[in-house]
Amino acid sequence: MVRMQLENAPAAAPHDASDHRFLRALRRQPVDMTPVWIMRQAGRYLPEYRATRARAGSFMALAQTPELACEVTLQPLARFALDAAILFSDILTIPDAMGLGLHFVEGEGPKFARPLRSAADITRLGVPDPNTDLRYVMDAVRLIRRELGGRVPLIGFSGSPWTLACYMIEGGSSPNFARAKALALEDPALMQGLLGTLADAVARYLAAQAAAGAEALMVFDTWGGLLAPRLFREFSLRWLAEIAARLADDPIAATLPLILFSKGANAHLEALAATGCAALGLDWTADIGEARARVGERVALQGNLDPAVLAASPEAIRAEARAVLESFGPHPGHVFNLGHGITPDIPPEHVAVLVDTVHELSRR
């Protein structure tokens with residue numbers, strides 16, 4: 001299945017993935033056209049993904065079986081001329097490896113069987129060994145990299161310390177993660193201890209993905225934007241900068257571009273750009289041209305079409321894609337993406353319209 005999908009994929013220009021337009025854009029170098037990939041590009045909007053997940057029996061079985069994770073990672077590349085593959089996994093693999101018992105409930109999302117409910121729960125946490133406790137992820141990275149054959153680069157990723165802590169304390173998803181915020185306010189030292197442990201785990205995890213063959217790294221700070229400015233600096237930004245510094249000291253990870261995506265944190269773009277990352281992801285509530293003016297030439301920008309646009313007509317999709325490209329302007333350092341993950345209701349043909357439009361309109 002994996003090889004058949006690659007053979008049927010859209011033809012790509014002959015080049016070494018190490019100099020692919022996606023990586024060049026992240027380095028703010030000239031490109032022949034704006035690269036594009038889509039958050040959650042392997043997912044439920046694709047019928048072939050739903051078939052593979054049904055065959056796996058559960059999301060966790062799918063994510064923890066390297067051959068199946070590879071299969072679904074490659075599925076969108078068989079349909080669309082995307083400029084990057086992203087490892088099929090989940091941001092909550094680290095807490096699961098810490099013993100919290102991750103599972104998914106249909107219609108409700110992730111749940112932990114053993115959430116953090118006391119100081120003792122937090123202080124007893126250990127840092128997982130990514131090459132043993134999370135070996136299935138590293139095996140998937142190696143397999144995907146081999147099957148890609150250099151056609152496009154592979155992105156490895158993790159959740160941010162703050163985002164992981166939110167789920168671990170709450171026990172699942174939440175509108176506002178009040179438990180996590182309360183702990184940060186009532187016992188900041190304990191929360192910082194938890195975040196420090198998680199930052200260590202994330203840095204090790206991403207470095208291991210780099211060693212296994214990932215060619216770019218991304219940190220999803222999905223819930224950073226829930227924090228007030230002072231709390232964001234103390235409990236999210238601090239640890240994003242720590243991870244960037246740790247990766248810069250790793251001989252392999254230091255050679256890979258790092259993308260930070262802090263959803264809802266548009267007020268902090270300058271501070272995020274100063275962490276040492278290569279690029280910032282933007283959600284759709286930011287104007288990408290204004291964001292570029294604020295960060296200058298310090299980082300590339302990734303984004304930032306509203307995912308809901310993909311539910312509109314092809315004409316509307318083209319118009320909105322053009323608006324994003326025109327807002328960024330004729331400058332180096334743009335990776336086109338959505339402002340958040342694609343939703344399950346989107347027709348796959350609308351994704352094709354978007355990808356082809358971005359390439360067509362941005363061709364140099």
Side-chain angles (χ1 to χ4, degrees), residues 1-27 35-43 46 48-49 52 56 62-91 93-94 97 129-159 202-220 247 250-259 278-279 302 335 337:
M1 173 65 78
V2 166
R3 288 184 173 83
M4 181 185 72
Q5 288 172 326
L6 279 175
E7 290 164 3
N8 293 339
H15 50 58
D16 183 349
S18 65
D19 198 42
H20 190 277
R21 67 175 71 96
F22 169 69
L23 297 177
R24 290 182 63 83
L26 291 177
R27 297 192 295 261
V36 54
W37 69 278
I38 295 171
M39 287 187 277
R40 294 196 194 127
Q41 62 191 25
L46 292 175
E48 55 267 39
Y49 169 88
T52 305
L62 179 57
Q64 292 178 344
T65 306
E67 293 77 12
L68 295 181
C70 177
E71 183 176 313
V72 295
T73 297
L74 299 179
Q75 283 172 348
L77 301 179
R79 280 183 177 261
F80 316 118
L82 294 158
D83 290 299
I86 184 166
L87 165 70
F88 181 81
S89 187
D90 192 80
I91 63 170
T93 51
I94 287 174
D129 183 332
N131 291 306
T132 55
D133 302 317
L134 289 160
R135 179 175 174 175
Y136 66 90
V137 176
M138 306 311 145
D139 287 345
V141 170
R142 284 186 281 267
L143 180 58
I144 296 163
R145 178 71 188 273
R146 185 170 74 242
E147 294 294 335
L148 282 170
R151 189 158 61 88
V152 297
L154 174 62
I155 305 166
F157 71 92
S158 174
V202 169
R204 292 172 185 263
Y205 183 51
L206 290 173
Q209 290 183 47
E215 294 158 283
L217 300 172
M218 185 164 174
V219 177
F220 288 87
L247 294 175
D250 181 86
I252 299 176
T255 66
L256 274 55
L258 173 65
I259 307 165
Q302 178 176 276
V335 173
N337 207 313

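Hydrogens, waters and symmetry mates are skipped; everything else that's a heavy atom, side chains included, is used. Computed from a prediction, not measured in an experiment: that's the story for all the values here.
Atom CG of Asn337 is separated from atom CD of Gln302 by 4.5 Å, given to the nearest 0.5 angstrom. Here the CZ atom belonging to Phe22 is positioned 9.5 Å from the CG atom belonging to Leu154, to the nearest 0.5 angstrom. Rounded to the nearest 0.5 Å, atoms CD1 (Ile86) and CD1 (Ile259) are 8.0 Å apart. Taking CZ of Phe157 as the reference point, atom CG of Asp90 lies at 6.5 Å (rounded to 0.5 Å). Here Leu143 contributes atom CG and Leu68 contributes atom CG; the two are 10.0 Å apart, rounded to the nearest 0.5 Å. Interatomic distance, Glu215 CD to Leu26 CG, rounded to the nearest 0.5 Å: 11.5 Å.
Listed for the Asp83 side chain is no donor-acceptor partner under 3.5 Å among the backbone atoms of Trp37. With Gln41 contributing its side chain and Ala84 its backbone, the two residues share a donor-acceptor pair below 3.5 Å. When atom types are taken as modelled, the side chain of Gln75 and the backbone of Tyr49 share a donor-acceptor pair closer than 3.5 angstrom. Checking side-chain atoms of Thr52 against main-chain N and O of Glu48 turns up a donor-acceptor pair under 3.5 Å.
The side-chain heavy atoms of Phe80 and Ile38, taken from C-beta on, include no pair separated by under 4.5 Å. Using a 4.5 Å heavy-atom cutoff, the side chains of Val152 and Leu82 are not in contact. Residues Ile144 and Phe88 are not in side-chain contact: their nearest non-hydrogen atoms beyond the backbone lie 4.5 Å or more apart. A heavy-atom distance below 4.5 Å is found between the side chains of Leu46 and Pro76.
Residue Ala63 comes nearest to Ala69 through the heavy atom pair O-CB, 4.2 Å, listed as atom of the first residue, atom of the second, then distance. Pairing each heavy atom of Met138 with each of Ala212, the nearest pair is O-CB, 3.9 Å. Of all heavy-atom pairs between Ala207 and Leu247, the closest is N-CD2, 3.9 Å. Across all non-hydrogen atoms, the minimal contact from Thr73 to Ala85 is CG2-CB, 4.1 Å. Heavy-atom minimum distance, Val202 versus Gly159: CG2-O, 3.5 Å. Minimum heavy-atom separation, Val219 to Leu206: CG2-CD1, 3.7 Å.
Remark: Arg142 engages Asp139 in a side-chain hydrogen bond (donor to acceptor under 3.5 Å, both in side chains) (not counting sequence neighbours).
A salt bridge links Arg27 with Asp19: at least one charged nitrogen is closer than 4.0 Å to a carboxylate oxygen.
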